[in-house]
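Structure first, then comments.
By convention here, the first residue in the shown sequence is residue 1.
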Amino acid sequence: LGGYFAYCLATHLNIPTLLFNPALLKRSVMVNTSEGDAKPLHRIMMGKADDLIKNEDTLDFLEDRGIEARIYYGDHGHRTPYEVFVERVNKLR
């Protein structure tokens with residue numbers, strides 16, 4: 001749920017995010033939280049081989065809310081390899 005909570009916080013605080021395979025649409029645990037009104041920049045790294053979070057669900061979630069995001073794809077699954085994480089974070093600097 002880390003990606004979802006980060007997304008929600010960002011919409012309240014109007015801060016950009018970098019999310020990795022976030023479960024934005026479907027989550028195994030439903031939580032009582034809310035989205036804010038802000039639409040900050042979201043950068044989302046998705047694994048092409050993710051068998052837990054469907055990339056289409058994430059894209060649908062964003063589209064339904066009119067959110068523009070920068071989407072990046074890696075060849076990994078749901079668990080983002082350390083090297084991919086470091087590479088993506090370093091590209092923001």
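Nearest heavy-atom pair across Thr17 and Ala6 is CG2-O, 3.9 Å. Closest non-hydrogen pair, Ile44 versus Pro22, comes out as CG2-CD, 3.7 Å. Nearest heavy-atom pair across His42 and Ala10 is CE1-CB, 4.0 Å. Residues Tyr73 and Met45 approach most closely at C-CE, 3.7 Å, considering heavy atoms. Contact between Gly36 and Thr11 at its shortest, heavy atoms only, is N-OG1, 2.7 Å.
The hydrophobic clustering, which links ILVMFWY residues whose side-chain heavy atoms are closer than 4.5 Å, places Leu18 and Tyr82 together. Both Tyr4 and Leu19 are part of a single hydrophobic cluster, where members link through side-chain heavy atoms under 4.5 Å apart. Under the 4.5 Å side-chain heavy-atom criterion for ILVMFWY residues, a single connected hydrophobic cluster contains both Leu25 and Phe5.
Rounded to the nearest 0.5 Å, atoms CG (Asp57) and CG (Leu24) are 9.5 Å apart. Note that NZ of Lys39 is 10.5 Å distant from CG of Leu62, once rounded to the nearest 0.5 Å. Between His12 atom NE2 and Thr33 atom OG1 the span is 5.5 Å, to the nearest 0.5 Å. Rounding to the nearest 0.5 Å gives a distance of 12.0 Å between CD1 of Ile15 and CG of Leu41. Annotation: the span from Leu9 atom CG to Asn14 atom CG amounts to 12.5 Å, rounded to 0.5 Å. Distance check: Tyr7 OH to Ile67 CD1 gives 3.0 Å after rounding to the nearest 0.5 Å.
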Enumerate donor-acceptor pairs with a distance under 3.5 Å from any side-chain N or O in residues 83-90 to protein atoms, sequence neighbours excluded.
residue : atom : partner : partner atom : Å
Glu87   : OE2  : Lys91   : NZ           : 3.4
Asn90   : ND2  : Val86   : O            : 3.3

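Judged by distance alone, with hydrogens and angles left aside, the side-chain atoms of Asn21 form no donor-acceptor pair with the main-chain N or O of Gly3 at under 3.5 Å.
For Arg65 and Phe61, the positive end sits near the middle of the six-membered ring, less than 6.0 Å away and at most 45° from its axis.
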For this session: Applying side chain to side chain contact (heavy atoms under 4.5 Å, CB included), run through Ile71 and Asn55 and close with a yes or a no.
Result: CA-CA 10 Å; Ile71 307 294; Asn55 293 335; over 6 Å; no
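Residue Asp37 qualifies as open at atom CG: its count of foreign heavy atoms under 6.0 Å is 12 or below.
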